[in-house]
Trainee: 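Below: one structure in structure tokens.
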Amino acid sequence: AEDEITLFERDMKEFWIQFKISYSTEQINQTSALRDLCKETIEALSEKWSKKLKEEDLMIDKIQEYNNEILQQRKYVAEKEEQLTEMKSKLNQEEEQQKNLTDSIQKLKEELMKKREIKSSKNEAAKEKVERVSKIKTLFKERLGLEMRRIHDEQLQFIFRHIDHKDPDKPYMFTLSINEQGDYEVTSCTPPLDCIAELQLKLRETNNFSAFVANIRKAFTALSYK
């Protein structure tokens with residue numbers, strides 16, 4: 001019986017040894033397979049995420065590129081808006097200058113028209129005065145021994161005779177013109193009279209030409225007796 005027990009114990013011991021060996025080998029094989037599976041999974045995930053990261057990097061680069069393009073477009077638009085503003089400002093200045101030029105031209109036209117009207121009015125007044133003088137030419141010649149001549153620069157020369165009783169044919173004369181203001185102006189007087197300026201002023205004030213000529217004759221007559 002002791003031999004059987006000993007044999008049984010030995011068999012049991014060998015069984016456990018074999019079981020342990022078998023179990024350890026199986027465990028090692030399972031662990032190795034699991035490790036290989038984990039490694040493959042990790043590699044697959046690494047490759048997958050590496051690809052995703054690369055795609056994301058490309059996406060980021062694209063987004064950055066789009067952002068740069070947007071910035072360039074904004075800069076371009078801003079430059080064009082600034083140029084447009086400058087062009088509008090220049091156009092407004094040119095329009096203002098054109099308006100000022102047009103106003104100046106219109107003002108000059110109006111001033112020229114006024115000057116022409118004034119000149120025409122003065123010419124008419126001068127013409128009337130010359131005609132008035134011409135009309136009384138015969139009367140003066142007959143009554144006062146006066147001769148009138150039209151000389152250069154539209155001037156009239158008045159020649160008196162029958163003043164000096166010692167020499168009736170001796171001429172006493174003065175020259176009359178109409179100045180730019182349309183007034184009578186004595187340009188010469190022979191022999192000279194001290195009162196000629198006073199008589200000229202009175203003629204301008206009264207416009208009484210007949211009285212002016214008569215007063216000059218009186219002054220020449222008074223001078224002949226000196």
Trainee: Kindly indicate whether the side chain of Met59, heavy atoms from C-beta on, has any atom under 4.5 Å from the side chain of Glu55.
Mentor: no
Trainee: Does Arg150 pair with Glu154 as a salt bridge, N-O distance under 4.0 Å?
Mentor: yes
Trainee: Under the rule for side-chain contact (heavy atoms from CB on, under 4.5 Å), what residues qualify as partners of Gln200, not counting sequence neighbours?
Mentor: Glu185, Val186, Arg204
Trainee: What are the two closest non-hydrogen atoms of Asp164 and Ser224, and how far apart are they?
Mentor: CA-CB, 4.3 Å
Trainee: What do you reckon, are the aromatic ring centroids of Tyr184 and Phe174 less than 6.0 Å apart?
Mentor: no
Trainee: Under 4.5 Å between any side-chain heavy atoms of Thr187 and Leu176, yes or no?
Mentor: no
Trainee: Closer than 3.5 angstrom, by distance alone: can the side chain of Ser177 be matched with the main-chain N or O of Asn179 as a donor-acceptor pair?
Mentor: no
Trainee: CD1/Ile216 to CG/Leu193 distance, rounded to the nearest 0.5 angstrom?
Mentor: 7.0 Å
Trainee: Determine, stepwise, if the pair Lys107 / Glu111 fulfils side chain to side chain contact (heavy atoms under 4.5 Å, CB included).
Mentor: CA-CA 6 Å; Lys107 187 176 180 180; Glu111 291 178 354; 3.5 Å; yes
Trainee: Calculate, to the nearest 0.5 Å, the distance between atoms NZ and CG belonging to Lys218 and Leu223 respectively.
Mentor: 16.0 Å
Trainee: Would you indicate whether the side-chain heavy atoms of Lys54 and Lys51 approach each other to under 4.5 Å?
Mentor: no
Trainee: What's the spacing between Gln72 CD and Asn67 CG if we round to 0.5 Å?
Mentor: 12.0 Å
Trainee: Do Pro171 and Arg161 have side chains that approach each other closer than 4.5 Å (heavy atoms only, starting at C-beta)?
Mentor: yes
Trainee: Is the backbone N or O of Thr85 less than 3.5 Å from a side-chain atom of Ser89, with the two atoms forming a donor-acceptor pair by type?
Mentor: no
Trainee: Are the aromatic rings of Tyr172 and Phe160 close, with centres under 6.0 Å apart?
Mentor: no
Trainee: Less than 4.5 Å apart, side chain to side chain, heavy atoms only: is that true for Val213 and Leu146?
Mentor: yes
Trainee: If we check side chain to side chain contact (heavy atoms under 4.5 Å, CB included) with Thr175, which of these qualifies: His152, Gln155, Arg149?
Mentor: Gln155
Trainee: For Tyr225, which residues count as a ring-ring contact (aromatic ring centres under 6.0 Å, His included) partner, sequence neighbours excluded?
Mentor: His165
Trainee: Out of curiosity, Phe220 CZ to Met173 CE, how far, rounded to the nearest 0.5 Å?
Mentor: 8.5 Å
Trainee: Check Lys99 with Asp103, please: is the shortest side-chain N to carboxylate O separation under 4.0 Å?
Mentor: yes
Trainee: Can you tell me how far CD1 of Ile196 sits from CG of Asn215, rounded to the nearest 0.5 angstrom?
Mentor: 10.0 Å
Trainee: Quick check on Glu69: does its CD atom have over 12 non-hydrogen neighbours (other residues, nucleotides or ligands) under 6.0 Å away?
Mentor: yes
Trainee: Who pairs with Leu201 by side-chain contact (heavy atoms from CB on, under 4.5 Å), at least two apart in sequence or on another chain?
Mentor: Glu205
Trainee: For the atom pair NZ (Lys170) and NE2 (His162), what is the distance rounded to the nearest 0.5 Å?
Mentor: 15.0 Å
